[in-house]
*Asks:* 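Following this message is one structure expressed as structure tokens.
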Amino acid sequence: MKKSFTTRSLHVPFPKNDAHRALDMPVYESVAFEFETAEDMVDNFSGKLPAHVYSRTSNPTVEYFEQKMKALTGAHHALAVASGMAAISNSILAICKSGDNIISGNQLFGHTHALLNQTLHNYGLETRFVDTTNAEAVEQLVDENTRAIYFETVTNPQLEIADISKLAAIARKYNLVLIADSTVTPPVVFNGRFHGIDIEVMSTTKHISGGGTSFGGVILDHGNYNWALNPNVKPFSKKFGKDAFIARLRKNYFRNTGGAMSAHTAHYQILGLDMLELRFDRSYENCMKLGEFLVGHPLVGKVTYPGLKNSDGYHLATKQFEGKPGTVLSFDLESEAACFKFMNHLHLIRRATNLNDNKSLIIHPWSTIYAEFTEEERMAMKIRKTAIRLSVGIEGAADLIEDIESALQSLHKSD
Ligand SMILES: *Cc1c(COP(=O)(O)O)cnc(C)c1O
């Protein structure tokens with residue numbers, strides 16, 4: 001029988017025996033690593049003697065975090081980087097070049113949208129934004145310069161879910177790389193390898209770091225894609241075969257753009273990963289309880305959480321994410337003013353913009369994250385003035401419900 005996620009995470013062996021037989025991976029906070037002889041140095045630089053040399057390119061503590069991610073997901077390669085944005089930018093850079101285009105979901109994490117629409121656009125990479133829940137519309141955008149389809153497993157804050165099997169079929173048909181940002185659905189409930197995902201990127205800052213402890217990102221190559229089919233990675237595929245993507249990524253982008261994860265960060269990420277399943281399950285249970293409470297409440301309008309039966313994404317959430325589509329929900333109140341009043345009367349739930357902290361966090365997306373967009377743009381992105389996003393933490397469910405109920409009751413009072 002397959003062992004549980006937590007059991008497997010706790011017992012991933014170290015890549016090398018520790019000199020002191022440390023039980024937990026030590027924090028190897030050293031910039032450089034020494035060679036015994038000058039000849040060893042030569043062998044290392046020519047690729048014959050693999051070893052850690054300089055921590056911007058690899059580090060023992062970071063390597064152990066990568067090994068754990070690899071062991072837990074069965075990915076062909078895992079590369080840890082400094083943040084979720086570093087994971088996204090590095091993988092797209094390694095797959096595309098100027099003159100290429102990618103097709104991306106139009107509901108995206110804000111900075112990903114800015115990366116594609118502004119930063120990479122300035123270097124000649126075009127992004128074609130589309131509703132990825134509409135597979136026909138996605139297929140219509142493919143041309144001979146398209147290299148990848150990019151989407152988020154559950155969009156935030158709209159909480160929409162694309163049918164991944166349809167996107168994977170289009171990617172296969174046109175030899176495109178299918179890239180998924182699975183930040184919201186961590187590896188305890190989602191493994192892209194079994195859904196035809198080629199490259200999975202995630203911000204480990206969120207669920208994995210263990211409560212907002214540190215920034216991190218991971219790039220997984222699931223070994224599903226034949227890299228000889230991508231004109232940019234192809235030159236590497238002769239020498240590196242199945243390892244072509246990671247070779248190009250490490251040599252041309254990761255090393256040269258300097259987005260390495262630090263050893264201290266890797267230490268936090270390792271601890272967070274070991275407790276991921278416990279924290280995620282607790283947050284999910286809370287999310288369901290709060291969702292059910294809110295659905296029945298007379299002062300609350302639409303409640304969005306695709307884990308709830310009768311919600312739009314329920315079928316796909318069950319098929320793709322074991323019925324646990326993350327731990328973020330949203331709900332509507334009567335007006336923007338009611339949202340603000342409600343938020344200001346919370347005592348336990350924090351007004352903050354992170355996701356998947358151990359603490360429950362609340363935000364009014366319309367007036368904050370999306371404030372730089374026009375009203376029409378916000379409406380096109382399905383952002384509503386009356387909606388609140390709640391990232392559900394691991395507190396006691398009854399305590400959270402009490403906090404929400406008393407803040408809702410404040411809406412009746414004048415103050
Ligand atoms: C937070 C987030 C990112 C960016 O991650 P950072 O670690 O903040 O760089 C990317 N995608 C999604 C879905 C996120 O929630």
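The figures here come from the full heavy-atom set of this structure, side chains too, leaving out hydrogens, waters and symmetry mates. When a ligand or atom number is given, it counts from 1 through the structure's own listing order.
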*Asks:* State whether the shortest distance between N or O atoms of Thr112 and N or O atoms of ligand 1 falls below 3.5 angstrom.
*Replies:* no
*Asks:* Among Lys206, His207, Glu152, whose heavy atom sits nearest atom 15 (O) of ligand 1?
*Replies:* Lys206
*Asks:* Would you mind listing which atoms of ligand 1 come within a distance below 4.0 Å of any non-hydrogen atom of Thr183?
*Replies:* 11 (N), 12 (C), 13 (C), 14 (C), 15 (O)
*Asks:* Which protein non-hydrogen atom lies closest to atom 13 (C) of ligand 1, naming both residue and atom, and how far is it?
*Replies:* Asp181 OD2, 3.4 Å
*Asks:* Is the side chain of Asp403 donor-acceptor paired with the backbone N or O of His347 at a distance under 3.5 Å, no angle test?
*Replies:* yes
*Asks:* Please state which part of Leu355 comes within less than 4.0 Å of ligand 1, counting heavy atoms only: side chain, backbone, both or neither.
*Replies:* side chain
*Asks:* For ligand 1, which atoms have a heavy atom of Phe215 less than 4.0 angstrom away?
*Replies:* 7 (O), 8 (O)
*Asks:* Before you tell me yes or no, could you show the steps for Phe280 and Phe5 under ring pair (Phe, Tyr, Trp, His ring centres under 6.0 Å), namely the whole-Å CA-CA distance, both residues' side-chain angles and the distance that decides it to 0.1 Å?
*Replies:* CA-CA 12 Å; Phe280 184 87; Phe5 185 91; 9.7 Å; no
*Asks:* Numbering the atoms of ligand 1 from 1, which are under 4.0 Å from a heavy atom of Ile88?
*Replies:* 10 (C)
*Asks:* With a 3.5 Å cut-off and no angle check, do the side chains of Ser283 and Asn286 form a donor-acceptor pair?
*Replies:* no
*Asks:* Examine Phe331 together with Phe342 and report whether their ring centres are nearer than 6.0 Å.
*Replies:* yes
*Asks:* Give a yes or no on whether a salt bridge exists between Lys242 and Asp221, defined as a side-chain N under 4.0 angstrom from a carboxylate O.
*Replies:* no
*Asks:* Does Lys166 count as lying over the ring of Phe151, i.e. NZ or CZ under 6.0 Å from the six-ring centre, within 45 degrees of the axis?
*Replies:* no
*Asks:* Please report the shortest heavy-atom distance between Lys385 and Trp366, naming the atom on each side.
*Replies:* N-CE3, 3.5 Å
*Asks:* Around atom 9 (O) of ligand 1, find the nearest protein heavy atom and jot down its residue, atom name and distance.
*Replies:* Met85 N, 2.9 Å
*Asks:* Would you kindly specify which portion of His111 sits under 4.0 Å from ligand 1, judged on non-hydrogen atoms: side chain, backbone, both or neither?
*Replies:* neither
*Asks:* Could you check Leu249 against Ile246 for side chain to side chain contact (heavy atoms under 4.5 Å, CB included), going step by step and ending with a plain yes or no?
*Replies:* CA-CA 5 Å; Leu249 176 62; Ile246 205 81; 4.1 Å; yes
*Asks:* For atom 4 (C) of ligand 1, what's the nearest protein heavy-atom neighbour? Residue, atom name and distance, please.
*Replies:* Phe109 CE2, 3.3 Å
*Asks:* Do any nitrogen or oxygen atoms of Thr205 lie less than 3.5 angstrom from nitrogen or oxygen atoms of ligand 1?
*Replies:* yes
*Asks:* Compute the shortest N/O to N/O distance between Val184 and ligand 1 and return yes if it is under 3.5 Å, no if not.
*Replies:* no
